[in-house]
Amino acid sequence: MLTNRRPLLRPAAGLLMAGLAAFALPATAQQTAPAQVAAQPSAKAPTDFVQGLGDKAIATLAQKKDPAQTKQVFRDLLNQNFDLTTIGRFVVGRYWNTATPEQQQQYMQLFERMIIDVYAERFSQYAGETFKVTGGQSTGERDTLVTSQVVRPNGPPVNVSWRVRNRDGAFKIVDVLVENVSMSQTQRSEFASVIENNGGRFDALLDALRQRTQTAQAR
Amino acid sequence: MAYRAVPRRPTLESLSPMRPGPLSRLMLLAVAATALAACSTSTQQATTPTLDGPPGQASGAPGTVVPVNNNDPLEPVNRGIFWFNEALDAVLIRPVAEIYRAVLPDPAQRGVRNVLQNLRSPLDLANQTLQGDWDGAGDVVKRFAINTTVGLGGLIDVAGKNGIPYEYESFDQTLAVWGVPEGPYLVLPVIGSSSLRDAVGFGAEFYADPVSNYASNNDADWFTYGRAGLTVADTRAGYIDVIDDLKRNSFDYYAAMRSLYRQRRDNWIRDGAADPSQLPDIPDYDDGDAAPPSPVRAGQGS
């Protein structure tokens with residue numbers, strides 16, 4: 001894509017930022033929009049949750065352990081704070097029902113490993129950005145959208161939103177939006193495309209995930 | 001709709017305004033041809049401005065899946081053009097962008113970007129006005145007045161530092177605000193992700209831009225070409241890392257781009273306002289057929 005046209009690049013930027021910025025940065029979060037949060041008391045706790053997560057991530061990066069250790073900390077953070085099952089189910093969409101129970105189980109394992117690899121890698125590339133939670137608004141019955149801003153040393157700030165769900169009393173992230181681009185939505189259309197372009201075979205997706213895992217290990 | 005947005009960077013769109021020289025004519029022709037081709041094959045989809053198709057719920061009995069409606073009837077052709085663009089990017093555009101990024105100091109790059117944004121002012125103003133966004137139009141005028149004078153011909157974004165950020169407005173957004181459906185997804189040669197509506201908007205701005213028309217009427221076509229080249233280099237340079245990451249981590253790069261393009265476009269139409277009602281519906285999946293918790297949590301093994 002030659003693309004330098006906005007449609008191509010911009011979106012991509014979104015994705016990347018998500019990676020780089022989104023998580024790693026949650027560091028210096030200060031709540032800048034108390035008014036907005038106060039207006040919606042129910043949104044307060046989720047903003048604190050995202051804030052706390054950011055603080056932990058930054059603290060980890062500040063310790064400057066070796067990269068493998070840092071990655072492992074991020075893996076744990078992701079495991080504890082992302083609702084990987086919900087994300088995995090959402091991004092595979094209706095194809096879930098075309099899979100056998102064995103395929104479903106394999107898919108979940110592969111997906112979780114993949115998503116953790118990808119994000120742990122991205123978050124460990126922290127490069128001096130600052131992160132602050134700017135507000136929260138409830139979305140529908142289940143979720144709160146916590147908005148935050150990642151300020152980069154160069155270039156305009158990036159808006160990252162965290163879709164937080166209360167699962168059995170614990171907050172879990174179910175989607176990350178970078179400049180209003182949903183990571184889950186994007187992945188969902190990719191997965192659909194992979195399956196559709198392989199004659200609707202669910203195994204094609206499993207193969208792609210396996211390949212991805214191997215490539216990641218080789219890196 | 002809300003009008004506050006994050007500062008937008010200039011886009012290739014800003015290079016559109018070449019005056020019909022031989023090269024630009026050719027590009028326009030390519031755009032028109034693709035758009036027409038799209039037209040003829042996809043009349044029924046053209047009226048459904050879907051995002052990525054409806055959030056796919058299980059439909060019917062397990063095992064029967066209705067294909068997702070990506071509103072991409074020309075997918076095979078689009079994929080061909082997409083990979084052509086990819087090749088062009090690999091051999092020419094990315095290398096140029098990399099040199100641009102490496103050679104030019106950061107402040108200079110910011111200056112270039114600011115000037116390019118400032119040059120888009122007439123188009124931004126026209127689009128804000130056509131959308132009936134008077135506040136937005138006022139901001140464009142203020143930005144142009146401040147940045148052109150105090151900002152030394154647009155080099156410094158003084159207005160942005162004082163609370164009037166740049167807001168990207170295109171004719172595609174204007175058409176969207178008017179209720180024109182996006183039409184099928186298109187990948188244009190060289191230009192990249194687009195839609196029938198976006199292609200039309202691009203073509204319109206191409207001819208209408210006062211800046212390049214002025215340049216061309218004064219025998220200064222070099223200005224327009226230079227502007228186009230800088231726009232490409234600046235935009236691509238800003239996304240080198242992002243795109244590398246995306247390519248490395250995507251399962252179907254083409255499909256990822258298509259989804260990203262649409263989401264970004266919708267974001268522009270809303271002028272960057274978060275709209276919870278636009279979020280995909282993510283259910284709770286407690287329906288018992290969820291996979292049993294994996295015995296090995298991801299990450300521990302590798």
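Everything numeric here is computed off the predicted structure, so don't read it as measured data.
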For this session: Taking the side chain as every heavy atom from C-beta outward, state whether B:Tyr239 and B:Leu246 have any atom pair closer than 4.5 Å.
Result: no
Problem set entry | Under 4.5 Å from a heavy atom of chain B, the part of A:Asn197 involved | side chain
Exercise. Looking at B:Trp83, is B:Arg79 sitting on its ring face, NZ or CZ under 6.0 Å from the six-membered ring centre and within 45 degrees of the normal?
Worked result: no
Exercise. Can a donor-acceptor pair be found between the side chains of A:Asp76 and A:Gln72 at a distance below 3.5 Å?
Worked result: yes
Exercise. By a 4.5 Å heavy-atom criterion (distance strictly below it), what part of B:Glu75 contacts chain A: side chain, backbone, both, or neither?
Worked result: side chain
Exercise. Are B:Arg110 and B:Asp157 close enough for a salt bridge, meaning some N to O gap below 4.0 Å?
Worked result: no
For this session: With a 4.5 angstrom heavy-atom cut-off, could you sort out which part of A:Gln187 is near chain B: side chain, backbone, both or neither?
Result: side chain
Exercise. Does any heavy atom of chain B fall under 4.5 Å from the side chain of A:Leu177, the backbone, both, or neither of them?
Worked result: side chain
For this session: Side chain from CB out, backbone as N, CA, C, O: work out which of these in A:Phe191 comes under 4.5 Å of a heavy atom of chain B, or both, or neither.
Result: side chain
Problem set entry | salt_bridge(A:Asp117, A:Lys71) N-O dist < 4.0 Å | no
